[in-house]
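Just so it is clear, the values below take in all heavy atoms, side chains as well, and ignore hydrogens, waters and symmetry mates. All ligand and atom numbering here is 1-based and tracks the order in the structure.
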Amino acid sequence: MLLGVTGGVAAYKACFLTRLLSGAGAEVQVVMTGAAARFVGPDTFAALSGRPVYTELWDDPGSVLHVRLAREAEVAVVAPATANVLAKLAVGIADDLLTSTLLEARCPLVVAPAMHTGMWEQPATRANVATLLERGVRVVGPATGPLAHGDEGVGRLAEPEEILAAVEEAAAHGRDLAGRRLVVTAGPTWEPIDPVRFVGNRSTGRMGFAVAKEAWDRGADVTLVVGPGTVEPPAGPRLVRVTTAEEMRAAVLAAAEGADAVVMAAAVADFRPERVAGAKLKKEAGPPELRLVPTPDILSELGAARSGRVLVGFAAETDDLEGGGRAKLDAKGLDLLVVNEVGRPGTGFGSDTNHAAILSATGEDSPLREWTKRELAAALCDRIAALLAR
Ligand code: CTP
């Protein structure tokens with residue numbers, strides 16, 4: 001594992017953390033910033049970890065050091081994490097060995113901030129921490145107590161035992177989908193009326209993207225089947241772009257061959273125009289009569305195949321969420337169904353949070369509550385990992 005030490009007085013506590021991590025069986029690779037090395041000498045960490053300590057990008061001429069360290073790390077922790085390193089991580093600055101390694105790394109990341117209260121409470125720092133949390137970084141502390149310069153307040157590094165617990169938790173959950181193949185769908189489908197018009201919906205793709213990213217971060221091989229007009233998909237998963245429900249069906253069925261789980265977060269149009277005009281419909285011809293016919297129900301088709309794959313659906317309901325959701329879960333032969341409440345301000349399509357419940361075929365439901373899309377994605381991946389481990 002990788003321990004990043006940045007420049008604060010609390011760097012001395014990272015020595016205790018190194019001992020705790022080694023004692024728990026981890027091979028600790030310490031990377032220090034130049035500022036950290038002014039507080040505690042690299043030789044102390046080298047002696048405690050039994051490995052060379054790196055501070056500069058060119059410390060190991062035989063390898064591309066930041067790439068090697070990033071690939072070797074199963075989990076990374078930055079303790080103490082200064083306001084400066086949090087800001088760099090939030091925006092992706094890679095101007096030294098530690099930040100370059102962390103930008104390259106795919107492993108779970110824990111940060112333990114330590115700084116003066118004023119810096120911690122700055123809107124800029126709050127926003128950077130919120131960005132990191134939203135990306136799935138685990139933040140431990142800071143605690144309240146004595147600070148450098150004889151001050152008191154919030155900003156003290158969390159205790160090494162607490163940081164160790166967060167690292168162990170991150171490591172346990174971090175790669176629990178490694179070796180698994182997931183298919184995730186996201187966004188709407190557009191069903192053409194004529195060459196320029198379509199029947200569609202306002203799905204942005206954010207929910208499916210959060211699931212795909214979470215699964216990818218946890219080690220899964222992810223194929224992301226994406227409808228049109230969505231926000232930017234996450235980097236990593238294999239992307240298949242489609243427009244109509246029929247195209248999505250073909251892409252999903254192909255990718256589902258040999259997959260361990262399929263998560264249908266896409267808002268697939270239930271109906272499409274029966275006929276697609278070959279040329280643009282003219283206003284002068286008067287209002288067109290649109291006859292709609294059902295699209296193929298991809299989830300039902302997968303559910304009917306009973307292939308042993310874990311199947312996850314999403315449903316949107318305005319009332320009787322759990323009753324309506326349970327009926328859909330049973331009808332489509334699903335393992336899990338996320339029922340979203342729609343029609344209330346601030347929830348559903350385009351919003352950052354979901355008012356949702358997770359229903360399960362075995363009856364272990366997560367009751368209706370407010371989730372960020374990332375929290376919901378993490379809870380779903382927990383469930384999928386548990387079902388696959390049976
Ligand atoms: N779905 C699908 N193929 C379709 C339609 C929907 O695979 N042609 C999937 C969606 O991706 C989602 C779930 O089925 O996972 C939604 O089921 P659906 O019965 O369409 O739910 P709602 O959209 O909530 O339906 P309704 O409008 O009937 O409440």
> Is the backbone of Ala269 close enough, under 3.5 Å, to the side chain of Thr189 for a donor and an acceptor to pair up by distance?
Replying inline: yes
> Is the number of heavy atoms from other residues, nucleotides or ligands under 6.0 Å of Arg38 CZ greater than 12?
Replying inline: no
> N/O to N/O below 3.5 Å, does that happen between Lys328 and ligand 1?
Replying inline: yes
> Among all protein non-hydrogen atoms, which one is nearest to atom 12 (C) of ligand 1, and what is the separation to 0.1 Å?
Replying inline: Phe314 O, 2.9 Å
> Does any N/O atom on Val312 come nearer than 3.5 Å to any N/O atom on ligand 1?
Replying inline: no
>> Tell me the protein heavy atom at minimum distance from atom 3 (N) of ligand 1, and give that distance in Å.
In response: Ile298 N, 3.1 Å
>> As an exercise, state the distance from CG of Leu20 to CD of Glu159, rounded to the nearest 0.5 Å.
In response: 10.5 Å
>> For the OG1 atom of Thr99 and the CG atom of Leu57, what is their distance to the nearest 0.5 Å?
In response: 8.0 Å
> For ligand 1, which part of Asp270 has a heavy atom less than 4.0 Å away: the side chain, the backbone, both, or neither?
Replying inline: side chain
> Who's the nearest protein heavy-atom neighbour of atom 17 (O) of ligand 1, and how far?
Replying inline: Lys332 NZ, 2.9 Å
> If you measure from the Lys or Arg side-chain nitrogens to the Asp or Glu carboxylate oxygens, is any gap between Glu322 and Arg326 under 4.0 Å?
Replying inline: no
> Heavy-atom count around Glu27 CD within 6.0 Å, excluding the residue itself: above 12?
Replying inline: no
>> I need the atoms of ligand 1 closer than 4.0 Å to a non-hydrogen atom of Gly313, numbered in the order shown.
In response: 15 (O)
>> Salt bridge check, Arg383 against Glu364: does any charged N sit closer than 4.0 Å to a carboxylate O?
In response: no
> For ligand 1, which atoms have a heavy atom of Ala266 less than 4.0 angstrom away?
Replying inline: 10 (C), 11 (O)
> How far is atom 9 (C) of ligand 1 from its nearest protein heavy atom, and which residue and atom is that?
Replying inline: Leu299 CD1, 3.7 Å
> Which ligand 1 atoms, with their elements, are less than 4.0 angstrom from a heavy-atom of Pro296?
Replying inline: 3 (N), 4 (C), 8 (N)
> With only distance considered, is Met264 within less than 3.5 Å of ligand 1 through an N or O on each side?
Replying inline: yes
>> Would Val262 and Val312 count as a side-chain contact (heavy atoms from CB on, under 4.5 Å) here? Give the steps.
In response: CA-CA 6 Å; Val262 179; Val312 185; over 6 Å; no
> Near Ala315, which atoms of ligand 1 are under 4.0 Å from a heavy atom of that residue?
Replying inline: 24 (O)
>> Please evaluate residues Glu169 and Arg138 with respect to the criterion side-chain contact (heavy atoms from CB on, under 4.5 Å), reporting the C-alpha separation (whole Å), side-chain torsions for both, the decisive distance (0.1 Å), and the verdict.
In response: CA-CA 10 Å; Glu169 203 263 340; Arg138 290 167 171 79; 2.8 Å; yes
> Which atoms from ligand 1 have a heavy atom of Thr295 less than 4.0 Å away?
Replying inline: 8 (N)
